[in-house]
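Okay, structure first, notes after.
Position 1 is the first residue of the sequence; numbering continues from there. Keep in mind the model is a prediction, meaning the values are calculated, not measured.
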Amino acid sequence: MNARVTSFALAGEECSRQSQSAARSIAGTCDRRDLDIQIEQAYRQIFFHAFKMDRDPMLESQLRSGQITMRDFVRGLLLSQKFRDDFYRCNSNYRMVEQTIGRVLGRPVYGDQERIAYSILIAQRGLPSLVDALLDSEEYMQTFGYDTVPFQRSRVLPGQAVGTMPFNQQAPRYQAYWRDSNSKRAPAQSLMWQNSTMGQRPAWLANAPAPWARKLWLNTVAAGGFVITGLMLWIAVSMLSTGGPG
C-alpha cells in the first residue's frame with residue numbers, strides 16, 4: 001500500500017531531515033521554523049524527548065549560526081552529560097552498542113560480531129570512541145552526511161501494511177536488571193518518607209531494624225543520657241556540700 005499510494009506514508013517517519021546549514025553557507029539565510037523542527041527531531045532521536053531542561057543552548061546557537069553541522073550537533077548530544085547519566089550509566093556495553101547504533105545509524109545491530117567489536121571499543125577507549133567511529137563511518141556519511149538528522153531506516157517498507165516498531169519501544173532506556181539493582185539502593189528522602197507512611201519496606205532495608213525499634217532505641221539512649229547527667233550533677237553537689245564548714 002505504501003508503494004502504490006505514497007501520500008498515505010506517515011509524515012516524519014522516513015522523510016528528509018536535511019538541515020539548512022548548506023543553504024546558509026550559500027544564501028546566508030535560513031528558515032528558522034524548519035531549523036527548529038530539525039533540532040527537535042535531533043533531540044527526540046538521541047534522547048527520545050525534547051524537554052526544555054535537557055536542551056543545550058550552546059550547541060543550538062552554534063548550529064543556528066553555521067559554526068557546526070548537524071552531524072556535530074548529534075555528536076554533542078551523544079557526548080553530553082544527559083546522555084551519559086540517562087543511558088550510558090544505565091546499560092552494559094552490549095546494550096550501549098545497541099542503543100547508540102539505533103540512534104546514530106537508524107538500524108539494529110548486525111549480529112553478535114558487530115555487538116562484541118563495538119563493546120570492546122567502549123571498554124578500551126570509552127564512549128567517545130564509539131560515537132566517533134559511528135559518525136565518521138562510511139555508512140553514516142552515505143546515509144545522512146553532514147546535514148541530515150539520523151532517523152530509523154526501513155521503518156515503513158513497500159508492500160508492508162504495518163511499519164516496524166519504533167526504536168524507542170524496541171530498545172527502552174534500560175532493561176530490567178537496572179531497575180532491579182536500582183530498587184535495592186537507598187532512595188531519596190521524599191521516597192523514604194512516602195514508603196514509611198505507607199508501611200512499605202524496600203529491599204535495601206530488608207535486614208535493618210524496624211522503624212519502631214529504632215525509635216525506641218533512640219528514646220532509651222536519650223533518657224539514659226539525661227539520667228547519667230543528673231546523677232553526675234547530684235554527685236558533684238554532694239561532694240561540694242560535704243566540703244563546706246568544718
Solution key, residues 225-237 side-chain donor-acceptor pairs under 3.5 Å, sequence neighbours excluded:
| from | atom 1 | to | atom 2 | distance (Å) |
| --- | --- | --- | --- | --- |
| T229 | OG1 | G225 | O | 2.8 |

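Summarising the hydrophobic clusters (Ile, Leu, Val, Met, Phe, Trp, Tyr; side-chain heavy atoms under 4.5 Å, direct or chained), the residues clustered with F51 are M53. As a member of the Ile/Leu/Val/Met/Phe/Trp/Tyr network built from side-chain separations under 4.5 Å, Y94 groups with I116, I120.
Remark: A50 pairs with E40, Y43, R44, R55 by the side chain to side chain contact (heavy atoms under 4.5 Å, CB included) rule, at least two apart or across chains. With sequence neighbours left out, the salt bridge (charged side-chain N to carboxylate O under 4.0 Å, His left out) criterion links E139 to R107, R153. Taking the side-chain hydrogen bond (donor to acceptor under 3.5 Å, both in side chains) definition, one finds that Q81 meets it with D85, sequence neighbours left out. Residues meeting the side chain to side chain contact (heavy atoms under 4.5 Å, CB included) test with S61, sequence neighbours left out: none. Qualifying side-chain hydrogen bond (donor to acceptor under 3.5 Å, both in side chains) partners for N219, counting only residues two or more places apart in sequence or in other chains: none. Partners of D136 under the salt bridge (charged side-chain N to carboxylate O under 4.0 Å, His left out) rule, at least two apart in sequence or in another chain, are R71, R75.
Screening I68, T69, D56 for a side-chain contact (heavy atoms from CB on, under 4.5 Å) involving L63 leaves a single residue, I68.
The shortest heavy-atom contact between L79 and P128 is CD2-CA, 3.7 Å. Of all non-hydrogen atoms in Y88 and I122, the two that sit nearest each other are OH-CG2, 3.9 Å. For the pair V74 and I46, the tightest heavy-atom approach, listed with the atom from each and the gap, is CG1-CD1, 3.9 Å. In this structure, A42 and L77 approach most closely via the heavy-atom pair O-CD1, 3.9 Å. Here the closest heavy-atom approach between residue F151 and residue V149 is recorded as CD2-O, 3.4 Å.
Side-chain contact check for S80 versus L59: every heavy-atom pair is 4.5 Å or farther apart. With contacts defined as side-chain heavy-atom distances shorter than 4.5 Å, the pair V104/V131 does not qualify. Side-chain contact between I101 and E114 is present, with heavy atoms from C-beta onward closer than 4.5 Å. Between D36 and R64 the shortest side-chain heavy-atom distance falls below 4.5 Å.
Each ring-ring contact (aromatic ring centres under 6.0 Å, His included) pair with one or both residues in residues 98-142, not counting sequence neighbours, appears once here: Y140-F144. Applying the side chain to side chain donor-acceptor pair (under 3.5 Å) test to every pair with at least one member in residues 119-130, sequence neighbours left out, gives no pairs at all.
For the pair T100 (side chain) and V97 (backbone), a donor-acceptor distance under 3.5 Å is absent.
By the criterion of side-chain heavy atoms lying less than 4.5 angstrom apart, applied directly or through intervening Ile, Leu, Val, Met, Phe, Trp or Tyr residues, I37 is not grouped with I39; the two fall into different hydrophobic clusters.
Rounding to the nearest 0.5 angstrom, the gap separating the CG atom in D72 from the CE atom in M70 is 10.5 Å. Note that CD of E60 and CD of Q62 are 11.0 Å apart. Values are rounded to the nearest 0.5 Å.
For R103 and F83, the positive end is not near the middle of the six-membered ring at less than 6.0 Å and at most 45° from its axis.
Using a 4.0 Å cut-off between charged nitrogen and carboxylate oxygen, D112 and R115 count as a salt-bridge pair.
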